[in-house]
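One structure is given here, and the rest of the page talks about it.
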Amino acid sequence: MKVEPMQVHSDREQRDLGDTPPEEFRRQLHALADWIADFRQNIDSLRVAPDHKPGAILANIPAQPPEQGDPFDKILSDVDRLIVPGMVHWSHPMFLAYFGWTTTAPGILGEIITAPLNVNAMTWRTSPAATELETLVIDWIRQWVHLPPEFGGVVYDTASVGVMHALAVAREEAAPSVRKRGLIGAGAPVFRIYASEQAHSSAEKAAIALGLGEENVQRVPTDAAFCMESSALRQIITRDLRDGFKPLAAIATVGTTSTASVDPVREIAKICREFKLWLHIDGAYGAGFAILPECQSLTAGWSDADSIVVNPHKSLFVPLDFSVLYVRDLERLRRVFTLVPEYLRGDTVEAQKNYMDYGIQLGRRFRALKAWVIFRSFGRDGMAARLREHIRLANLFADWIRNDDRFELAAPVSMGVVCFRFIGDAAPSPRADTAARGRAGSSDSLDRINSDIVERINASGHAYLTQTKLRGRTVIRIGLGNVLTTEEHLRKVWELIQEVASQSERVNTD
Ligand SMILES: Cc1ncc(COP(=O)(O)O)c(C=O)c1O
């Protein structure tokens, strides 16, 4: 091979080859710091959701990739011009959809510190501090939510990924050598997984990914408070055994997606022990509330679980994404997923955690840093105070609903979640599914009105809510969780709901 003589670049050319010069970068960072602080300070004044039609944002951005670079100032002004108005602002104080998760100043600072480090936390050797900090924050959360020390964890992006890994371990333990030979090669039976009808669809996604089959996730009925009926679980398992299926795992949810209901984990754990099932607890939303002494009853039965997922990005103030899967004896997870390619052999250090061994991901972000910054900034006390405030606001909102005969609660208030339904001028019915018929008419037309209320409010840009179905009826749902949401914001949302409900009722009954 002929080696060309070394080329000498001018200062200008050298600059174009490397990174932004330090002084310019410093100036950009200062501008960005102001931009972030202004954004947080003025977020109230933004529309919560855009009024764009699909495609409107792309229509304003050149489709061709840039040939020449743009200055940062221009890019940032395009963020202001094109991106910010095209967002649903999840950190807006009047965004009350889903679980109302939050952005916080320490969370933003944590993300900023993480960016220049840009490490790959795949092994201890490639990232000693990232690995050790991950182990540390996982254990802090474990202590806060009162999980016994035999639970070890790993940080993934989401709870969906967590449940998939948990069920992979359950599958391997029930049919050893699936990892090596696959389901058919290992002669695996048809496995069944049980979750309540209110459980999250990530159970089915996991079954799809693991080759277990979506239909083999059996949904168990719930009681009047939307909690799994443990007697029905037992019946379904017994039926499956009779029909030749192999019960593999049960998923108990602590904080279901629609109503934040809590399954009877202790009773489910007993059934799991009796039938030798893996018990996974989906605490994606609810488990974080166990840091409150007054919510410790939530943890009943957790010590009997095989795995539990906690999403600090839902209820413990960490920005998306940050989800922890805990497994009782984490070595069970490692056995299923460890696989060290030759080129990484030198990077693995025995007796140290190499987090690549605990899941399918090799490259891993340094997520623990932002969690560490937040947990240190707030302390357990600060997080508990904020969670308590969300619970207080949820209950206050529920009181407003109880005091307006045109509305009724559609489920018990749980943690930061309130589900309710507009029922018109009728007297409140004892149950949401037998909603009284008022001026607004039949249950179907009430469904339309409830859906219409949410759509009108979301389209207004003033607030953002979600709707869900409970027992076949459409209900409105709010989730408190944003540190910026005050009682005043909530009152404004309530007034908006009342006003829009009247308009909606008029339009839909005319
Ligand atoms: C109870 C519950 N479990 C799991 C999930 C999935 O969470 P993730 O987005 O982290 O996968 C959700 C999502 O909202 C949820 O509500």
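These numbers come from a predicted model, not from an experiment.
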Handout entry: Donor + acceptor pair across side chains of T253, D282 (<3.5 Å)
Key = no

Exercise for the section: May I ask you to check whether over 12 heavy atoms, not counting those of R376, lie within 6.0 Å of atom CZ? Expected result: no

Atom pairs and distances, donor-acceptor, side-chain atoms in residues 388-398, under 3.5 Å, two or more places apart:
{"unit_1": "R388", "atom_1": "NE", "unit_2": "E294", "atom_2": "OE2", "d": "2.6"}
{"unit_1": "R388", "atom_1": "NH2", "unit_2": "E294", "atom_2": "OE1", "d": "3.2"}
{"unit_1": "E389", "atom_1": "OE1", "unit_2": "R392", "atom_2": "NE", "d": "2.9"}
{"unit_1": "E389", "atom_1": "OE2", "unit_2": "R392", "atom_2": "NH2", "d": "3.1"}
{"unit_1": "H390", "atom_1": "ND1", "unit_2": "R386", "atom_2": "O", "d": "3.4"}
{"unit_1": "R392", "atom_1": "NH1", "unit_2": "E487", "atom_2": "OE1", "d": "3.2"}
{"unit_1": "R392", "atom_1": "NH2", "unit_2": "E487", "atom_2": "OE1", "d": "2.9"}
{"unit_1": "N395", "atom_1": "ND2", "unit_2": "I391", "atom_2": "O", "d": "2.8"}

Exercise for the section: Please confirm whether F337 and H165 have ring centers closer than 6.0 angstrom. Expected result: yes

Exercise for the section: Classify the side-chain pair T256/S261 by whether it contains a donor and acceptor separated by less than 3.5 Å. Expected result: yes

Exercise for the section: For Q218 and R239, test the side chains for any donor-to-acceptor distance below 3.5 angstrom and give the result as yes or no. Expected result: yes

Problem - Minimum heavy-atom distance between R179 and V336, given as atom pair plus value - result: NH1-O, 3.0 Å

Handout entry: Non-hydrogen side-chain atoms of R192 and D243 separated by less than 4.5 Å
Key = no

Practice task
State plainly whether the residues K276 and E173 are in salt-bridge range, i.e. N to O under 4.0 Å.
Solution key: no

Practice task
Scan K370, R364, R365, R367 and name whichever one has a salt bridge (Lys or Arg N to Asp or Glu O under 4.0 Å) with E134.
Solution key: R364

Handout entry: Polar side chain donor-acceptor pair, Y285 to T257, under 3.5 angstrom
Key = no

Handout entry: Shortest non-hydrogen separation from L320 to E111 and the atoms involved
Key = O-OE2, 3.8 Å

Practice task
Flag yes if more than 12 heavy atoms outside I184 fall under 6.0 Å of its CD1 atom; otherwise flag no.
Solution key: no

Problem - Minimum side-chain heavy-atom gap V493-T485 below 4.5 Å - result: no

Handout entry: Aromatic ring proximity, centroids under 6.0 angstrom, W90 and Y98
Key = yes

Practice task
May I ask you to test the I43-P93 pair for a side-chain heavy-atom distance under 4.5 Å?
Solution key: yes

Problem - Heavy-atom side-chain proximity of I141 to Y326 below 4.5 angstrom - result: yes

Handout entry: Pairing residues for F366 by the ring-ring contact (aromatic ring centres under 6.0 Å, His included) criterion, not counting sequence neighbours
Key = none

Fill in the blank from the handout: Sequence neighbours excluded, the answer for ring-ring contact (aromatic ring centres under 6.0 Å, His included) partners of F378 is F317

Handout entry: Any side-chain heavy-atom pair of R471 and F226 under 4.5 Å
Key = yes

Problem - T338 side-chain N/O to R334 backbone N/O, donor-acceptor pair under 3.5 Å - result: no

Handout entry: Side-chain ion pair, R473 and D444, N-O less than 4.0 Å
Key = yes

Practice task
Can you sort out the partners of E274 under salt bridge (Lys or Arg N to Asp or Glu O under 4.0 Å), two or more places apart, ordered by chain and number?
Solution key: R234

Problem - Donor-acceptor contact below 3.5 Å, side chain N482 vs main chain T102 - result: no

Handout entry: Side chain to side chain, L277 and Y194, heavy atoms closer than 4.5 Å
Key = yes

Problem - Within 45° cone of F151 ring axis and under 6.0 Å: R142 NZ or CZ - result: no

Problem - Inter-residue atom distance I251.CD1 - L167.CG, 0.5 Å rounding - result: 5.0 Å

Exercise for the section: Begin with the C-alpha distance, continue with both residues' side-chain angles, and end with the deciding distance and a verdict on side chain to side chain contact (heavy atoms under 4.5 Å, CB included) for W278 and V169. Expected result: CA-CA 9 Å; W278 180 284; V169 184; 3.6 Å; yes

Practice task
Answer yes or no: is there a donor N or O on one side and an acceptor on the other, between the side chain of H89 and the main chain of S91, under 3.5 Å?
Solution key: no

Exercise for the section: Could you point out which residue of R273, K270, R328 forms a salt bridge (Lys or Arg N to Asp or Glu O under 4.0 Å) with D304? Expected result: R273

Handout entry: Donor-acceptor side-chain pairing of S230 and E267 below 3.5 angstrom
Key = yes

Handout entry: Cation over ring face, R477 and F99, 6.0 Å, 45°
Key = yes

Problem - Pairs touching residues 144-153 that satisfy side chain to side chain donor-acceptor pair (under 3.5 Å), sequence neighbours left out - result: H146-Q296

Practice task
Measure the shortest side-chain to side-chain distance between L96 and L480 over non-hydrogen atoms and say whether it is less than 4.5 angstrom.
Solution key: yes

Exercise for the section: Kindly check if the number of other-residue, nucleotide or ligand heavy atoms within 6.0 Å of CZ (R266) is above 12? Expected result: no

Practice task
Taking atom types as modelled, find out whether S451 and Q467 have a side-chain donor-acceptor pair closer than 3.5 angstrom.
Solution key: yes

Exercise for the section: With sequence neighbours left out, write down each residue that passes ring-ring contact (aromatic ring centres under 6.0 Å, His included) with H489, or none if nothing qualifies. Expected result: none

Exercise for the section: Answer yes or no: is there a side-chain heavy-atom contact under 4.5 Å between V84 and V79? Expected result: yes

